[in-house]
Colleague: 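If you scroll down you'll find the structure; I have some questions about it.
Please read all numbers here as calculations on a predicted model, not as lab measurements. A, B, ... follow the sequence lines: proteins, then strands. Residue 1 opens every chain.
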Amino acid sequence: MKVKDVVISFTSIRRVLNGDFDGKQVNVRGWVYRKRTGKKVVFVVLRDATGIIQCTVKRDSLSWDEAQKVSIESSVTVSGTVRSDGRAPGGFEISINELKIVGLAEAFPITKDQSEEFRRDVRHLWLRSQKMNAIMKIRSKVLKLVHEFFRKKTFIEVSPPMFISSAVEGGATLFGVKYFDRDLYLTQSAQLHLEVLIASLEKVYCIAPSFRAEKSRTIRHLAEYWHIEAEQAFATMEDLMRLEEDLVSHICQEVAKDCKNELETLNVDTKRLAEVQPPFPRITYDQAIEKLSKMGYKVKWGMDFGFEDEKALAKEFGKPFFVYAYPKESKAFYCKMYEENPKLVMSVDMIVPNIGELATGGSRIDDKEKLIVRLKEFGLKEEDYDWYIDQRRYGTTPHGGFGMGVERLLAWMLNLETVMETIPFPRTTRRYYP
RNA sequence: GCCGCCGUAGCUCAGUUCGGUAGAGCAACGGGCUGUUAACUCGUGGGUCGAAGGUUCGAGUCCUUCCGGCGGCGCCA
């Protein structure tokens with residue numbers, strides 16, 4: 001059967017609200033956000049990806065019956081005349097000539113009374129909310145900014161594997177997967193593979209999922225999260241810290257500039273983001289310990305900080321800051337020791353208010369023998385890491401990099417209660433549906 | 001892994017102290033009213049009180065076990 005389609009162009013609600021179409025005829029399509037019926041007029045509030053606009057259907061309209069039938073979240077197309085009207089939220093409304101129901105919705109389960117738990121049960125529907133719409137737009141923007149940032153600095157984007165044979169940190173926190181007839185793991189970081197790639201590309205980065213089988217029960221952990229990772233040949237600790245603070249500052253400033261509507265929806269103070277700029281304060285682990293003990297916290301030298309400690313420090317700075325030069329025993333096997341004090345390693349954490357650790361990075365051991373010693377000290381098998389050691393066999397260089405959690409970044413930027421709100425379908429110990 | 005909390009209508013909750021026929025608001029449905037702003041208003045339907053077992057004349061309520069979920073710490077990004 002041959003059908004000749006009538007070509008109709010549709011306008012985004014955002015453009016209508018901008019006033020580009022005042023007094024003009026427009027076609028708009030979307031979903032019914034609210035509906036209020038009266039004897040003489042039906043108000044159909046319509047949403048699309050870009051915004052929300054009130055539409056009116058009058059008693060004498062041919063679409064009157066259709067407007068009566070329409071339910072919350074039904075998909076519709078409307079055509080009508082745009083009128084500037086102070087009574088309409090947003091200042092403009094569409095006086096409908098024709099309303100067509102595309103998909104009539106059953107009674108929508110999400111109403112004004114919700115709990116966090118219920119929203120997670122119906123996550124696939126909650127994603128339609130104005131809040132999630134705004135968060136997803138900003139997430140998209142942030143990912144775009146990360147790519148722009150690294151590419152501008154001549155980093156090459158690489159695609160690391162998700163299936164891996166050896167652990168990054170040797171932990172018991174890997175998800176095992178059946179891989180044909182053997183057992184492999186899902187990656188928890190691309191770092192080791194990125195380190196190998198720098199011998200070819202010098203500066204590499206990726207945005208990829210990482211998986212952690214930790215039974216964490218906190219607002220800042222996911223079993224599956226997105227990881228911004230970068231690795232750079234010949235980089236010093238100074239290079240790394242600058243790279244990290246420049247990245248975060250760039251993202252915050254650009255989001256403040258370009259996502260005003262979304263930030264308003266989320267009640268985020270644009271100024272707070274616009275003011276994020278380098279340099280970030282830097283303190284050593286020893287200085288942090290000193291600060292904490294002055295504040296009355298008991299921290300044992302050699303232990304990494306707990307969440308309470310991080311929050312206390314962050315409260316004092318009120319913005320992102322670095323802690324570096326950690327005791328060797330508190331960090332991973334690949335961390336490079338300071339020559340002048342081999343008890344300390346060149347590892348640096350970026351800590352932000354409310355969320356704590358946002359990124360961890362540092363210089364990696366570039367000497368083959370030292371690396372092997374450390375591997376053994378961690379009880380790891382040399383042969384599992386042979387490919388990684390090769391990096392040190394054939395033209396080793398000082399180098400370093402960092403990993404940053406996309407969800408933690410967003411949760412901090414947008415002042416959200418938990419990282420779960422920053423990803424469309426969060427996976428935690430107990431949540432894997434939808 | 002350790003500690004704490006929750007589960008009653010589609011949703012949000014009250015009812016648990018002190019055991020005695022299962023309630024409200026919102027949503028849905030039917031009416032009324034209104035250029036409405038998550039409208040207002042009258043009415044109607046809606047329940048295996050997470051599950052199983054126990055105590056009791058009688059259990060949403062007390063006891064035991066299990067299931068599901070939430071949060072804190074630890075681990076980490």
Side-chain angles (χ1 to χ4, degrees), chain A residues 32-45 47 52-59 71-73 83 85-91 93 95 105-122 125-126 129-130 168-169 171-174 187-191 207-229 244 303-311 330-332 347 349-352 355-361 402-412 417-420 422-423 428-433:
Chain A
V32 175
Y33 184 63
R34 300 273 186 269
K35 180 190 170 189
R36 294 180 279 271
T37 58
K39 236 341 176 238
K40 285 180 238 149
V41 59
V42 177
F43 296 94
V44 175
V45 182
R47 65 167 180 84
I52 288 181
I53 194 163
Q54 175 165 294
C55 308
T56 57
V57 181
K58 295 280 169 61
R59 179 91 227 200
S71 54
I72 302 284
E73 286 302 310
R83 287 189 300 117
D85 192 321
R87 294 169 299 184
E93 72 176 21
S95 182
E106 295 175 24
F108 200 62
I110 300 176
T111 61
K112 77 172 179 185
D113 295 312
Q114 310 142 11
S115 61
E116 192 64 29
E117 188 173 342
F118 182 62
R119 277 183 225 158
R120 288 177 198 173
D121 287 340
V122 291
L125 302 176
W126 178 242
S129 66
Q130 290 308 106
V168 174
E169 317 201 352
T173 60
L174 291 159
T187 183
Q188 58 178 188
S189 165
Q191 182 197 319
I207 306 175
S210 279
F211 307 90
R212 303 268 165 115
E214 298 151 356
K215 288 191 177 167
S216 302
R217 303 209 47 77
T218 78
I219 56 158
R220 60 197 183 283
H221 284 89
L222 292 169
E224 175 186 82
Y225 69 97
W226 286 73
H227 213 167
I228 300 164
E229 290 180 278
E244 288 183 49
M303 300 284 284
D304 203 348
F305 304 114
F307 190 40
E308 289 303 318
D309 308 323
E310 286 171 2
K311 274 194 289 194
S330 69
K331 294 287 176 183
S347 180
D349 286 354
M350 187 194 292
I351 297 171
V352 296
I355 296 295
E357 280 176 41
L358 180 61
T360 294
F402 68 90
M404 184 179 292
V406 172
E407 290 76 20
R408 287 187 181 181
L409 175 62
L410 282 161
W412 164 66
E417 290 297 313
T418 129
V419 289
M420 280 179 249
T422 68
I423 187 165
T428 65
T429 320
R430 294 218 166 85
R431 290 279 180 186
Y432 35 81
Y433 175 96

Colleague: So what's B:G43 paired with, Watson-Crick or G-U wobble, going by both distances under 3.5 Å?
Modeller: B:C29

Colleague: Do A:S216 and B:C75 share a donor-acceptor pair, side chain to base, under 3.5 Å?
Modeller: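 Between B:C75 and A:S216, which were checked side chain against base, a qualifying N/O pair under 3.5 Å is present.
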
Colleague: Assuming nearest nucleotide by heavy-atom distance, tell me which of A:E357 and A:R431 is located more 5' along RNA chain B.
Modeller: A:R431

Colleague: Give one of base, sugar-phosphate or nothing for A:R220, where a contact means two heavy atoms less than 4.0 Å apart.
Modeller: base

Colleague: Heavy atoms from C-beta onward define the side chain here; which of B:C76, B:U12, B:C73 lies closest to that of A:R408?
Modeller: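 Nearest nucleotide to the side chain: B:C76.
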
Colleague: Give a yes/no answer on whether the side chain of A:K112 brings an N or O atom under 4.0 Å of OP1 or OP2 in B:U12.
Modeller: no

Colleague: CG of A:D349 versus P of B:C75: gap in Å, rounded?
Modeller: 12 Å

Colleague: State whether the distance check finds a donor on one side and an acceptor on the other, under 3.5 Å, for side chain A:R36 versus base B:C40.
Modeller: no

Colleague: Can you tell me the Watson-Crick or wobble partner of B:U64, both distances under 3.5 angstrom?
Modeller: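 B:A52 is the nucleotide pairing with B:U64.
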
Colleague: Against A:T418, only a single residue in A:T428, A:L222, A:I219, A:I355 fulfils side-chain contact (heavy atoms from CB on, under 4.5 Å); can you say which?
Modeller: A:I219

Colleague: Please determine, for B:C75, whether a Watson-Crick or G-U wobble partner exists with both distances under 3.5 Å, and give it or none.
Modeller: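 Result: none.
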
Colleague: Determine the contact category for A:K331: base if any of its heavy atoms lies under 4.0 Å from a base atom, sugar-phosphate if only primed atoms, P, OP1 or OP2 are that close, otherwise nothing.
Modeller: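 Contact class for A:K331: none.
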
Colleague: Using whole Å, report how far NZ of A:K215 lies from C1' of B:C73.
Modeller: 16 Å

Colleague: Whole angstroms only, please: what is the CD-C1' distance between A:Q54 and B:G35?
Modeller: 8 Å

Colleague: Distance check, C1' atoms only: B:G58 and B:G74, in whole angstrom units.
Modeller: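 Straight-line distance between the two C1' atoms is 48 Å.
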
Colleague: Determine the contact category for A:H221: base if any of its heavy atoms lies under 4.0 Å from a base atom, sugar-phosphate if only primed atoms, P, OP1 or OP2 are that close, otherwise nothing.
Modeller: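 If one applies the 4.0 Å heavy-atom cut-off, A:H221 turns out to touch a base.
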
Colleague: Between A:E224 and A:D309, name the one whose nearest nucleotide on RNA chain B is closer to the 5' end.
Modeller: A:D309

Colleague: B:A77 P sits how many Å from A:L410 CG, rounded?
Modeller: 18 Å

Colleague: Using a cut-off of 4.0 Å on non-hydrogen atoms, how would the nucleic acid contact of A:F307 be classed: base, sugar-phosphate, or nothing?
Modeller: sugar-phosphate

Colleague: When both hydrogen-bonding distances must be under 3.5 Å and the geometry is Watson-Crick or G-U wobble, what is B:A38 paired with, if anything?
Modeller: none

Colleague: Would you kindly give the CD-to-P distance between A:E116 and B:C70, to the nearest whole Å?
Modeller: 9 Å

Colleague: Under 4.0 Å between any heavy atoms, over every strand shown, what does A:G306 touch: base, sugar-phosphate, or nothing? Just pick one.
Modeller: sugar-phosphate

Colleague: Could you give the CZ-to-P distance, from A:R212 to B:C76, as a whole number of Å?
Modeller: 9 Å

Colleague: Can you find a side chain N or O atom of A:R217 that sits less than 4.0 Å from OP1 or OP2 on B:G4?
Modeller: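 False: A:R217 side-chain N/O out of range (4.0 Å or more) of B:G4 OP1/OP2.
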
Colleague: Please state how far atom CD1 in A:I351 lies from atom P in B:C76, giving the value in whole angstrom units.
Modeller: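 Computing the A:I351:CD1 to B:C76:P distance gives 13 Å.
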
Colleague: For the base of B:G68, is there a side-chain donor-acceptor partner from A:E117 under 3.5 Å away?
Modeller: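 Flag unset: no donor-acceptor pair detected.
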
Colleague: For the atom pair CD (A:Q54) and CD (A:E93), what is the distance rounded to the nearest 0.5 Å?
Modeller: 5.0 Å

Colleague: May I ask you to say what A:R83 touches in the nucleic acid, namely base, sugar-phosphate or nothing, with a heavy-atom cut-off under 4.0 Å?
Modeller: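 A:R83: base contact, heavy atoms under 4.0 Å.
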
Colleague: Please indicate yes or no: is the ring centre of A:F43 less than 5.5 Å from the centre of the six-membered base ring of B:G35, with the two planes inclined by under 30 degrees?
Modeller: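 A:F43 ring does not meet the centre or angle cut-off for B:G35; no stack.
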
Colleague: Quick one about A:R212 and A:Y225 (side-chain donor to acceptor, distance below 3.5 Å, no hydrogens or angles considered), yes or no?
Modeller: yes

Colleague: Specify the separation, in whole Å, of atom CD of A:E417 and atom C1' of B:C70.
Modeller: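 Taking CD of A:E417 and C1' of B:C70, I get 13 Å after rounding.
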
Colleague: Across the strands shown, which category fits A:S210 at heavy-atom distances under 4.0 angstrom: base, sugar-phosphate, nothing?
Modeller: nothing

Colleague: My understanding is that a pair needs two contacts under 3.5 Å, Watson-Crick or G-U wobble. By that rule, which nucleotide pairs with B:G4?
Modeller: B:C70

Colleague: Below the 4.0 Å mark, does B:A27 have OP1 or OP2 next to a side-chain nitrogen or oxygen of A:R34?
Modeller: no

Colleague: Among the nucleotides B:C75, B:G71, B:A77, which one has an atom lying closest to any side-chain atom of A:L222?
Modeller: B:A77

Colleague: What I want to check is whether an N or O donor and acceptor connect the side chain of A:R430 with the base of B:G69 at under 3.5 Å.
Modeller: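 It does not, because no donor-acceptor pair links the side chain of A:R430 to the base of B:G69 below 3.5 Å.
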
